[in-house]
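Here is the naming used below: chain letters follow the sequence lines, and residue numbers restart at 1 for every chain.
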Amino acid sequence: MIKVRDLCFDYPGTRALDDVSFDIKAGNIIALVGPNGAGKTTLLRTLAALDQPVSGQILLDGKDISENPREVHQKLGYLSDFFGLYEELTVAQCLRFHAGSHGINSEDIAATVERAAQRLGLDDRLHQKAKELSRGLRQRLAIAQAIVHEPKILLLDEPASGLDPEARHALATLFCQLRDQGMTLLVSSHILTELEEYCSHMLMLRHGKLIAEDGVGQAENDRCDMQLTVVDDDGVMALLSACDGVLDVRYGDDQCICFSAPDDALKQHLLLKELIDQGVVVVSFKPRQTDMHRQYLDKVQQQERDIQTKAVEKNIGLDHKGQEA
Amino acid sequence: MIIRNPELLRNIWLEMTPHRLMSMPLLLGAYFFLLFVMGDYQFNHADAMQALSISALLTLVWGAHMTAESVLSEVRDNTWDAQRMSAMPAWRLVWGKLLGSSLFSWYGASICFLLFIAVNDFDAMHAVKIIFLYLMAGLLAQATSMLLALLYIRKKISLQRSHTLFFTLISAFTAWQFIAVAGKGAGTLNWFGLTFFTLEFTLMSLMAWLIWTWVGCHQLMRSELQTPNKIWMWFGFVLWSIVYLTGFVPLSEVVAVLPYIALSVSMLMTYSMLFSESKDPVAMGNLLRILMKKDWSQLQLVMPCWLMSMLLMVLAGLLLVLLGKPSAYVSIAPLGQALDYVSPMLVWTAILFVFRDICFVLWLNFSSQLKRPDLAAMLYLTISYTLLPLILSALNMDVVRMVLLPGKDAGAVGLVIAAAEVLLFFWLMRSRWQKHYARNGAEYGE
């Protein structure tokens, strides 16, 4: 549905998006995560054809959005993190204006407004002014405005910020309903627990780069992320790395040893047996919980390791050249 | 028709509330009743003119304030992105805002016009023309105000209420000039050898400028809606301005004076757009990349108006050097001055000074420290073109003045000095560019 290729976006002196590429399939809720300043808002604004990238391509249903951004706007709904409402207008007037401004026929507007209000649970507040609504209701009105024209894709930037837990849960339920009705949602946030409730996939941005594009909590290619705790870890890393089918051996953030093993009970049993046979005192050996938070931290750590490895390789290369010289 | 423009409908909801609909006639009615009582229970011609003045206050000042706010408040209140993502075409959004936001001021003005029609001493046709003049002036003030607001938001600088006041005052003053010219009397003037009554000519000029202002609003709104504009509209406006001003020159001198006017107008347009348009370093980088790729079709979509005007200025300079042999002291009424023969050396020196100023303005804009680089540039350039030359003259240091002003008698020395200044400021600009913005290597063609 959305294809992003080699997307770059610059602010003066800063590259906000650096060679970002990914695909989004229809009917999913995708989490866009990353720390503050990672480029999440910039990516959403660029996808919404509100800002123009320096280079790269965004295809929506196979069409380049830079060629006809107005057409794209009809297929998209976008809720900014700092959204505004027409405070003096009633809920019905706000929705009616947005329906009209998205080209909905005047004879269909009343029904469209009613449908959007019902979806968001605002049908009993149609005659209330926007300025009189609570924060949670304002958020709902803003979302209702963004979806009043029934877009295929909804882009939401920090939609739950400032909401109480009850309102957040209601929002999560709403997002799932919208997905079930065929909408694709891309939701940005840096509060991962909030996204876990409803997102099926995750895009991770850091320093403007896409560091991972994963399914939430999903095993990759019939493999399983394992966690090993031992009494003495001396030589265990090397031993594990030499074992058949074991990949990506590393220390986890809680000082246990993490690695990727085949997602097969028998193979895991044989691996544990081999470790014990080799004299390793095993305290625990279990699949690692792959919640969104852990997945994110793992990727961040992996990126840091990659950066360090590259830096070391570069230094070795420089030293080597220096010696040759 | 009204229902089909949601922006107009939204403005009607906001502006034409029952309370306001009642308060305006009550307020104006009370004031006019006071005039009626003070005039021994009858209206006179002076009351009719007062009604016109109030209408001007409502449409030129209040209306212009509202049209500027119709754009600035959207940005300030974070509703602009939603409008930019709507399906409304640019023109529908422009006229929905122009008419909708100023509707209340027109409601009041129409009451004033009714009183004017009822009590003025003019013949019917003249009265209609005067109302038409005030109507057009009101529309011009409102369109100008929106144009300035649309230009300003492209700079992405924080918006304050004072900006609305500033745009309102500029717009009202501009539109008032037409009313002032028309009010000077029942004289005539010549334009391309044709004789017009001042009022009629003012009305025609007003209409033409109004159309161009609407075109400007439309073009800027298109840009806001991510629809690229081609440069030909701006090119057309500059050409029209040149033709409009040339019309005031005696027919026999048109060919000789045209290059002067072309140079002056394109120079003025270069400066006005240089200070008005955004000089976003990223957009400048994009422009540079397109230039280096020689992608001409893309270039006409991203070329800033100041650059286009600058190219026209160079062409006009060339034309002036080749054709400009005016008979001495041609009088150009609207410019209020006489033209003497200008040496080619002075023309090129003046053009080099413009290049220098462009580099200087860009140099300041590429600074990461300055909050308002255009304002700073305007201040420094004003000082360097006015105060400093006066100080140098007072100190009998006329030779040094050549560094600050293109001197009439400077000749080749003046040209060399100007060229050296261009090189200096170009180097400064380029260095700052490379230091702050060209970190992304090949992206900027480095």
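With a 4.5 Å cut-off on non-hydrogen atoms, B:Pro89 touches chain A through its backbone but not through its side chain. Looking at B:Asp81, the atoms closer than 4.5 Å to chain A (heavy atoms on both sides) sit in the backbone and in the side chain alike. For B:Glu7, the parts sitting under 4.5 Å from any heavy atom of chain A are the backbone and the side chain alike. Only the side chain of A:His98 comes within contact range of chain B, judged by heavy atoms closer than 4.5 Å. In this structure, the portions of A:Ala48 lying under 4.5 Å from any heavy atom of chain B include both its backbone and its side chain.
Each of A:Arg70, A:His102, A:Gln145, A:Gln93 has some count of heavy-atom pairs under 4.5 Å with chain B, and the biggest count is that of A:Arg70.
Within the model, atoms CG of A:Asn68 and CD of B:Gln226 stand 11.5 Å from one another, a figure rounded to the nearest 0.5 Å. Between atom NE2 of residue A:His73 and atom CE of residue B:Met88 there is a gap of 12.5 Å, rounded to the nearest 0.5 Å.
The local environment of CH2 in B:Trp91 is crowded, with over 12 non-hydrogen atoms from other residues, nucleotides or ligands closer than 6.0 Å. Heavy atoms of other residues, nucleotides or ligands lying less than 6.0 angstrom from CE of B:Met233 number 12 at most. Crowding of A:Lys3 atom NZ: a count of heavy atoms from other residues, nucleotides or ligands under 6.0 Å not exceeding 12. Enclosure of atom OH in B:Tyr380 is not indicated, since only 12 or fewer non-hydrogen atoms of other residues, nucleotides or ligands lie within 6.0 angstrom. In this structure, A:Phe22 places its CZ atom where more than 12 heavy-atom neighbours from other residues, nucleotides or ligands lie under 6.0 Å away.
The shortest non-hydrogen separation linking B:Pro6 to A:Ser101 is CG-N, 3.4 Å. Of all non-hydrogen atoms in B:Arg84 and A:Arg45, the two that sit nearest each other are NH1-NH2, 3.7 Å.
Between A:Arg96 and B:Leu9 the shortest side-chain heavy-atom distance falls below 4.5 Å. Counting only heavy atoms from C-beta outward, the side chains of B:Arg289 and A:Val54 approach each other to under 4.5 Å.
Chain B is approached within less than 4.5 Å, heavy atom to heavy atom, by A:Gln74, A:Leu76, A:Tyr78, A:Phe82, A:Phe83, A:Gly84, A:Leu85, A:Tyr86, A:Glu88, A:Leu89 from residues 74-91 of chain A, ordered by number.
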